[in-house]
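What follows is one structure encoded as C-alpha cells, with my remarks underneath.
Since we're looking at a predicted model, the values are computed, not measured. The figures that follow rest on heavy atoms only: side chains count, while hydrogens, waters and symmetry mates do not.
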Amino acid sequence: MSESETPARKMKTPVVLCIDDELIGLRVRRILLERAGYTVLGALDGAEGIELFAQHPIDAVVLDYAMPGMNGAEVATRLREMRPEVPILLLSAYLGLPPEVTSLVDVYMTKGEGAPMLLKKLHVMLTLTRPHDGQRRQDHTPE
C-alpha cells in the first residue's frame, strides 16, 4: 500500500480524477491540483476515465468536454449512472454549451477562466457535495 493509499491519507486528501485527451493540459492540471493538496488520477480518454472511476474512491471529477471517442457529456452520463453523488466539473474551451450538456454536471467552466477559478470552483464543489448523507447537491456552484 503506497502512502497515497493509506486510510488516513484518503480521509484528509480528496481524490480528483482528471480526464482530458490533451497530455500537456492533463499534466498541468495534475501539478496544480497536487500543489493545492489533492490526490490526482489522470486519464487521457473517456474510456480510461470511466475505468479509473470504477476502480478508485473518487471524490470529484474534472472533465474535459471536447475529446475524441466519447465527449465530456457522454462520459458524465456514464459516471452519473455509476455514482451520481460524485461531483463533476466540466471544462471546455467552448463558450455556451447547451443546457442538456451542462445539466449533467455540477459545475461548468471555460478553460479561459484560469487556474485560480478552477481551484476555487473545485473547492466549493467538494465542500458542498461532501455531506455524510450521500446526497448530491442539486444547485450549481456560484461564481
Side-chain angles (χ1 to χ4, degrees), residues 1-23 25-94 96-111 113-143:
M1 182 178 290
S2 74
E3 179 184 328
S4 65
E5 294 175 359
T6 63
R9 176 100 174 167
K10 277 191 216 174
M11 289 175 54
K12 293 178 185 175
T13 306
V15 177
V16 178
L17 172 61
C18 292
I19 306 171
D20 192 333
D21 64 308
E22 294 179 12
L23 182 59
L26 194 60
R27 285 181 177 166
V28 168
R29 223 162 283 120
R30 175 187 293 271
I31 291 166
L32 173 73
L33 295 175
E34 285 177 347
R35 286 183 180 168
Y38 297 102
T39 297
V40 180
L41 298 176
L44 284 168
D45 61 40
E48 182 184 7
I50 291 166
E51 187 175 318
L52 286 171
F53 188 80
Q55 295 174 354
H56 298 277
I58 305 297
D59 294 301
V61 177
V62 176
L63 174 63
D64 184 34
Y65 177 70
M67 296 185 293
M70 260 190 278
N71 68 33
E74 294 166 309
V75 175
T77 299
R78 296 281 300 277
L79 300 181
R80 289 284 186 234
E81 290 169 356
M82 296 165 71
R83 289 195 308 240
E85 73 282 0
V86 176
I88 301 171
L89 185 152
L90 182 67
L91 276 176
S92 179
Y94 301 110
L97 289 176
E100 57 269 15
V101 172
T102 59
S103 67
L104 296 169
V105 299
D106 296 275
V107 176
Y108 160 66
M109 68 176 280
T110 62
K111 290 182 178 182
E113 291 180 68
M117 187 58 73
L118 172 64
L119 289 173
K120 177 182 176 185
K121 288 185 176 190
L122 181 60
H123 174 75
V124 170
M125 186 176 75
L126 278 166
T127 301
L128 294 176
T129 56
R130 295 186 100 184
H132 298 297
D133 62 6
Q135 295 294 316
R136 186 176 138 239
R137 69 182 179 84
Q138 299 299 313
D139 62 326
H140 288 271
T141 303
E143 298 277 331

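Glu74 contributes atom CD, which lies 4.0 Å from atom CG of Asn71 (distance to the nearest 0.5 angstrom). Note that the CG atom of Asp21 and the CG atom of Leu26 stand 9.5 Å from one another [nearest 0.5 Å]. Distance check: Ile88 CD1 to Arg80 CZ gives 4.0 Å after rounding to the nearest 0.5 Å. Between Leu91 atom CG and Tyr108 atom OH the span is 9.5 Å, to the nearest 0.5 Å. Between the OG1 atom of Thr39 and the CG atom of Leu17 there is a distance of 12.5 Å, given to the nearest 0.5 Å. One distance of note links CE of Met109 with CG of Leu122; it measures 10.0 Å at 0.5 Å rounding.
Minimum heavy-atom separation, Leu32 to Ala115: CD2-CB, 3.7 Å. Heavy-atom minimum distance, Met125 versus Val61: CE-O, 4.3 Å. Of all heavy-atom pairs spanning Ile19 and Gly49, the tightest one is CD1-CA, 3.7 Å. Summarising the geometry of Leu104 relative to Ala76, their closest heavy-atom pair is CB-CB, 4.2 Å, with the distance given to 0.1 Å. In this structure, Leu126 and Ala60 approach most closely via the heavy-atom pair CD2-CB, 3.7 Å. Here the closest non-hydrogen pair linking Leu33 and Cys18 is CD1-SG, 3.5 Å.
For Lys121 and Asp106, the salt-bridge test fails: no basic side-chain N is under 4.0 Å from an acidic carboxylate O. Note on Asp20 versus Lys111: salt bridge recorded, some NZ/NE/NH1/NH2 to OD/OE distance being below 4.0 Å. Under the 4.0 Å criterion applied to side-chain N and carboxylate O atoms, Glu34 and Arg30 are assigned as salt-bridge partners.
Leu90 pairs with exactly one of Val75, Leu97, Thr110 by the side chain to side chain contact (heavy atoms under 4.5 Å, CB included) rule, that one being Leu97.
Applying the salt bridge (charged side-chain N to carboxylate O under 4.0 Å, His left out) test to Glu48 and every residue at least two apart in sequence or in another chain returns nothing.
In this structure, the side chains of Leu89 and Leu118 come closer than 4.5 Å at one or more pairs of heavy atoms. Asp45 is not listed as a side-chain neighbour of Met70, based on a closest heavy-atom distance of 4.5 Å or more.
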- [ ] Step by step, work out the side-chain contact (heavy atoms from CB on, under 4.5 Å) result for Arg29 and Val62.
- [x] CA-CA 9 Å; Arg29 223 162 283 120; Val62 176; 3.8 Å; yes
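Proximity of a side-chain donor or acceptor of Arg78 to a complementary backbone N or O of Ala47 within less than 3.5 Å is not detected.
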